[in-house]
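Heavy-atom basis, side chains included; hydrogens, waters and symmetry copies ignored.
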Amino acid sequence: MPPRLNIVVPIKRVIDFAIKPRISAAKNAIETNGVKFSMNPFCEIAIEEAVRLRESSKDLVESITLVSAGSAKIQDTLRAGLALGADKATLIDIPAIDDSKSLELEPLAVAKLLKAFVEKSNANLVIMGKQAIDDDSNQTGQMLAGLLNWSQATNASKVTVDEASGVVTVAREVDGGTETVSAPLPLVITTDLRLNTPRYTKLQDIMKAKKKKTEKITPEDLGVDVTSRLEIVSLSEPPKRTGGGKADSVDALIGKLKGVGAI
Amino acid sequence: MMAPLLRSLARVGRLLPRYSTANCPIRLLSTTKPLRSPISSILEFDEDVEMFRSVVSRFNADVVAPRVEKMDEEEHIDPIIISSLFETGLMAVETPEEYGGAGASFTAAVAIVEELAKCDPSVSVLNDVHNTLVNTCVRKWGSDYIKETYLPSLSTSKLGAFALSEPSAGSDAFALRTRARKLSDGDFVIEGGKMWITNGAEAEIFVVFANAEPEKGYRGITAFVVEKPWGVNVVKKEKKLGIRASSTAVLSFDEVHVPKENVLGVYGQGYKIAIECLNEGRIGIAAQMTGLAQGAFDRAVSYAFNDRQQFGKYIGEFQGMQFQIAQVASEIEAARLLLYNAARIKEAGGQFVKEAAMAKLIASQVAEKTASRAVEWMGGVGFTRDEKVEKFYRDAKIGAIYEGTSNIQLQTIAKLIQKEYT
């Protein structure tokens, strides 16, 4: 019997990628007042991949469930994900984690929440973004796989499922090039930029998403303590780019590079 | 005399949306700010509308923006834009789901027109005419047969056009001369010509106003749904000052046979359809002009504060510039409020004719002034075509002219005021 995929796609609400983040006056947080938030781009790619798996073969995908943790504002992001093609969504309600405090929900806490949720949902495949563009941690997927004791394939640029055997082959983008790994289900896949280009959401799907089920649970329901263990000591903007210089000849260029200690 | 005003306000009050949990601002430089207090503003929209705006915002950046300049130079809308608009469901905003539409509100349709105009007013008017004129006509006055036959294709693939104006019938629309000759079997033959028809060159479905009984004057005007292959000829595409990519066509109808089932609404009451459509369409144009103003403003103000320095500081920091920027921003905000006030009253079923006329009048004026300022703020650079701001200046002019000239708007408003005071 070919396996049917029960996919969980965790998503994160982050400051929109097009916005330039600013540090708040208190110098210990990113300014979130009046700033536009959207779904993390890698998460969109994850949803798109799940939907494409469903479209690639009839009956391959049983369900696509979204999950996200934080305050009620995440409903909007979940709804956007439902409009992209997911079936249902779960909000893990943590009212204290509103937009201004999103960095206080750490990767390990999220991984623990997801582990409990994935086990409750009987999922056999997790597809998620490789990292969120706010903290760029690139940890949650790996930690989740470790906690679940599942195989993991991170930075995926191509995913193929062999329906007969239930083996998933993933091409990963690594520093040296492309690495291909394969593993039987269950597994955690984290998406990289070139995995796919998410489709435009159709207005009709946005309206239909209103009728799809969204449930709310709490970290207590999952038996997880999400207290943060890290403290952000300070935040600063990267140093402003100073002007470069021009060199008239190769010798002059080498001289300058040596002068700044580059070679 | 205060009664009608108070009634309108009461209607708007009932309509104000519940406090939305959606995080509102679309762009860093937009004049809308998210509200933190529970008291709503007319400019606070429900989730659907905000999500639609995000879709359009992305659509603008990915699909429209790279093509704007070329389309303007070539005076032609790239077919990819039209097909992408259909694919995303942007051409069937209010159409009910059973006909392939999104089943969303009028405010949503208007917000989409506004958002599109921030990037390209030509694309915006294509969408506006299709949604607020053609789709609306078919939806409101179409028989079940007409709705079933045309709404699905209007939702997915066929562009529509609204054929009312003629060379000798502009503001005096009911002086139209296109005739609909009744045949013995009840069908009609349409003969005549139309002018200034937006989407005329690309449209496949036309709402055509023709007079079936000229002896009765305007009471003979009947609306028909006409398919292009039946004989609608595009005689000419106008070369224009602005919204050049939008096709503005001269059409000729040469013995076009139209089955009796294609009469839209009631025979001889086409004038009513025309009036109601244009009242609504006015709000669509107000949205286009408001979006245009915002687009020009965003472009130029970003330049003034971030790109251009003279005398050791950004030009946006000079007080003279700041005062102009503040003035224009206030006027755009005012235009937006008029726009959404009219939209909400209409959606609630109230009397909106005066508000719609005011919205279009002011929005077109604000668009023209804003675009003019925007070019000035960008200086010499603003005058060049590369910098993508002079186009807004050219595009703005049509706002005072089509779908009811500013003089017509003024007259409409004046007559309603006169009624209130006498």
Would you check, one step at a time, whether the test side-chain contact (heavy atoms from CB on, under 4.5 Å) holds for Val93(B) with Leu203(A)? CA-CA 7 Å; Val93(B) 186; Leu203(A) 297 198; 4.1 Å; yes
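Shown here is Lys213(A), whose NZ atom has no more than 12 heavy atoms of other residues, nucleotides or ligands within 6.0 Å. In this structure, Lys388(B) places its NZ atom where more than 12 heavy-atom neighbours from other residues, nucleotides or ligands lie under 6.0 Å away.
Atoms CZ and OG1, on Arg199(A) and Thr88(B) in that order, are 12.5 Å from each other to the nearest 0.5 Å. Rounded to the nearest 0.5 Å, atoms NZ (Lys36(A)) and OG (Ser54(B)) are 4.0 Å apart. Interatomic distance, Tyr200(A) OH to Leu90(B) CG, rounded to the nearest 0.5 Å: 11.0 Å. Interatomic distance, Thr201(A) OG1 to Met51(B) CE, rounded to the nearest 0.5 Å: 7.0 Å.
Taking the charged nitrogens against the carboxylate oxygens, Arg58(B) and Glu44(A) do have a contact shorter than 4.0 Å, which makes a salt bridge.
Between the side chain of Glu47(B) and the backbone N or O of Asp76(A), no donor-acceptor pair lies under 3.5 Å.
For the salt bridge (Lys or Arg N to Asp or Glu O under 4.0 Å) test with Glu97(B), the passing option among Lys202(A), Lys210(A), Lys211(A) is Lys211(A); the others fail.
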